[in-house]
Amino acid sequence: KFSVVIAGGGSTFTPGIVMMLLDNQDRFPLRKLKLYDNDEERQRILGEALAILLKENAPDIEFSFTTDPEEAFTDTDFCMAHIRVGKYAMREQDEKIPLKYGVVGQETCGPGGIAYGLRSITGMMEIIDHMEKYSPQCWMLNYSNPASIVAEACRVMRPKAKVLNICDMPVGTLRRMSQIIGKTPKDLEVRYFGLNHFGWWTSVKDKEGKEYLEDIKAYVAEHGYLTQIEVDTQHTDPSWQDTHRKAKDLLAVNPRYLPNTYLKYYLYPDDVVAHANAAYTRANEVMDGREKTVFDAAKAIVAQGTAKGGEFHIDAHASFIVDLARAIAYNTHERMLMIVENQGAIANFPDDAMVEVPCIVGSHGVEPLAQGKIPVFEQTLMYQQLMVEKMVVEAYQEGSYQKLWQALTLSRTIPSAKVAKAILDDLIEANRGYWPEL
Ligand code: G6P
Ligand code: MN
């Protein structure tokens, strides 16, 4: 049995992940489950509710929550990390500052992602150091954002650390694709290349080797990744609806492969900005929605003294984290899309790029699978974005204003050096205390 710590214990995603872990006890049994956060108050509210839930449903799992790194990381086999440095108040700044200048405001793409990246690096290095100090055998399963910049910072600043970087977006899209062709994700095997939140599927086959790429493309060209139920009922979150519908425009400009929906921020930034509400962004939606629901549910569980009939919902799609932990723990050689050092996986792309490609995961870590050469259109877009991400990490290490200005100027989301500078100066102001001195 395993001992797990969730870093970012006060996150609104934590209850769903804990429920998912409970649901997977036959596949990935726990002896200890700990929450770790530096925000004592937020974590306490969730922790007290989860303590009740665990006592009722899994009394054998030793559960605790702490702000003390020694307690969190001692005797720990896996750290599941989903930290958000600066929380939603800073996400709101990441989204709203660029929008003031007519530029994409998003938490992982463009200037918002860069700003968040510069905050995340410090937080990530801290928890990696705690992990290595108190449990050198521990693996970190990291899905903290912005994943590309975080992964590059780990590669450069902690090259030997046992950190595995993964994003749930490909998992989510594969689920949509499987629904489109009437399969389940586990029936399918994909080929994919890209950077995180920036890539393309080049093949979607079933276990018998039948290729579905053209079928899915034909569907996406018409509906985007909206499944038939969503097309018929329009019942999901409107901003997610828009995102999945937009995939058809991405396919129109580049019909070769199936796009990751995040490419809309780079290929159609003008449309994205035109549809954005600069006074009420995704951070506001989440603060008024998920934040309230989850914390209210936790308080209700504590007030009633029972989690029976409680409002915590299992985050079933987060079970890819269990697949990943199992791959390491039981050497399952599961094939998963991971963010790893390229080293030839994409033949005509830099070896030291952190790319997202299918990998085989086992007890010794991650082995990327060769994806061959990529076409000029995709390669050029990726190279430009890669250099933005690398320069952000260099700017962090060097405390360089100049390099950060250049990185922003190179981002496809920003029209000029002038706009880049104006956004940068505002972001510096907003991120005082979070960013290194520039
Ligand atoms: C997807 C992405 C994550 C991102 C999340 C944002 O799952 O893969 O990287 O953090 O969306 O979701 P939210 O509901 O907070 O906007
Ligand atoms: Mn992601």
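Every number for a ligand or one of its atoms is a count from 1 in the order of the listing.
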Review point. In terms of atom number and element, which parts of ligand 1 are under 4.0 angstrom from non-hydrogen atoms of N145?
Key: 3 (C), 4 (C), 9 (O), 10 (O)
**Study point:** Stepwise salt bridge (charged side-chain N to carboxylate O under 4.0 Å, His left out) check, D94 with R282
**Key:** CA-CA 11 Å; D94 296 341; R282 181 70 191 162; over 6 Å; no
Review point. Of all the non-hydrogen atoms in the protein, which one sits nearest to atom 2 (C) of ligand 1, and at what distance?
Key: Y262 OH, 3.2 Å
Review point. In terms of the angle between their ring planes, are W200 and F198 parallel, tilted or perpendicular, with boundaries placed at 30° and 60°?
Key: perpendicular
Check your understanding: Do K162 and E132 sit within salt-bridge range, that is, some charged N less than 4.0 Å from a carboxylate O?
Key -> no
Review point. Which atoms of ligand 1 sit under 4.0 Å from any heavy atom of R290?
Key: 13 (P), 14 (O), 15 (O)
Check your understanding: Does the side chain of R119 pick up a donor-acceptor pair with the side chain of N431 at under 3.5 Å?
Key -> yes
Point to revise | Plane angle bin for F2 and Y330 - parallel if under 30°, tilted between 30 and 60°, otherwise perpendicular | key: perpendicular
Review point. Among all protein non-hydrogen atoms, which one is nearest to atom 8 (O) of ligand 1, and what is the separation to 0.1 Å?
Key: D168 OD1, 2.5 Å
Check your understanding: Can you find an N/O atom of Y88 closer than 3.5 Å to an N/O atom of ligand 1?
Key -> no
Exercise for review: Would you mind telling me if ligand 1 is within reach of the side chain of Y116, the backbone, both or neither, using heavy atoms under 4.0 Å?
Suggested key: neither
Exercise for review: Taking only heavy atoms of R282 into account, list the atoms of ligand 1 that are under 4.0 Å away from them.
Suggested key: 13 (P), 14 (O), 16 (O)
Exercise for review: Begin from the C-alpha positions of S144 and H82 and carry the test side chain to side chain donor-acceptor pair (under 3.5 Å) through to its verdict.
Suggested key: CA-CA 4 Å; S144 306; H82 59 188; over 6 Å; no
Check your understanding: Under 4.0 Å from any heavy atom of E107, which atoms of ligand 1 are there?
Key -> 4 (C), 6 (C), 10 (O)
**Study point:** Opening angle at the Mn ion (ligand 2) [NE2, H197; SG, C167; to 10 degrees]
**Key:** 90°
Check your understanding: Side chain, backbone, both or neither: which part of R91 has a heavy atom under 4.0 Å from ligand 1?
Key -> side chain
Practice item. Could you check L30, I52, V18, L54 and say which one makes a side chain to side chain contact (heavy atoms under 4.5 Å, CB included) with F63? Key: L54
Point to revise | Heavy-atom gap H197 to ligand 1 smaller than 4.0 Å | key: yes
Check your understanding: Do D242 and R245 sit within salt-bridge range, that is, some charged N less than 4.0 Å from a carboxylate O?
Key -> yes
Review point. When rounded to the nearest 0.5 angstrom, what distance separates NZ in K264 from OG1 in T243?
Key: 3.0 Å
Check your understanding: What are the atoms of ligand 1, with element, lying closer than 4.0 Å to any heavy atom of C167?
Key -> 8 (O)
Practice item. Check if W240 has a non-hydrogen atom at a distance under 4.0 Å from any atom of ligand 1. Key: yes
Review point. Does even one non-hydrogen atom of T108 get within less than 4.0 Å of ligand 1?
Key: no
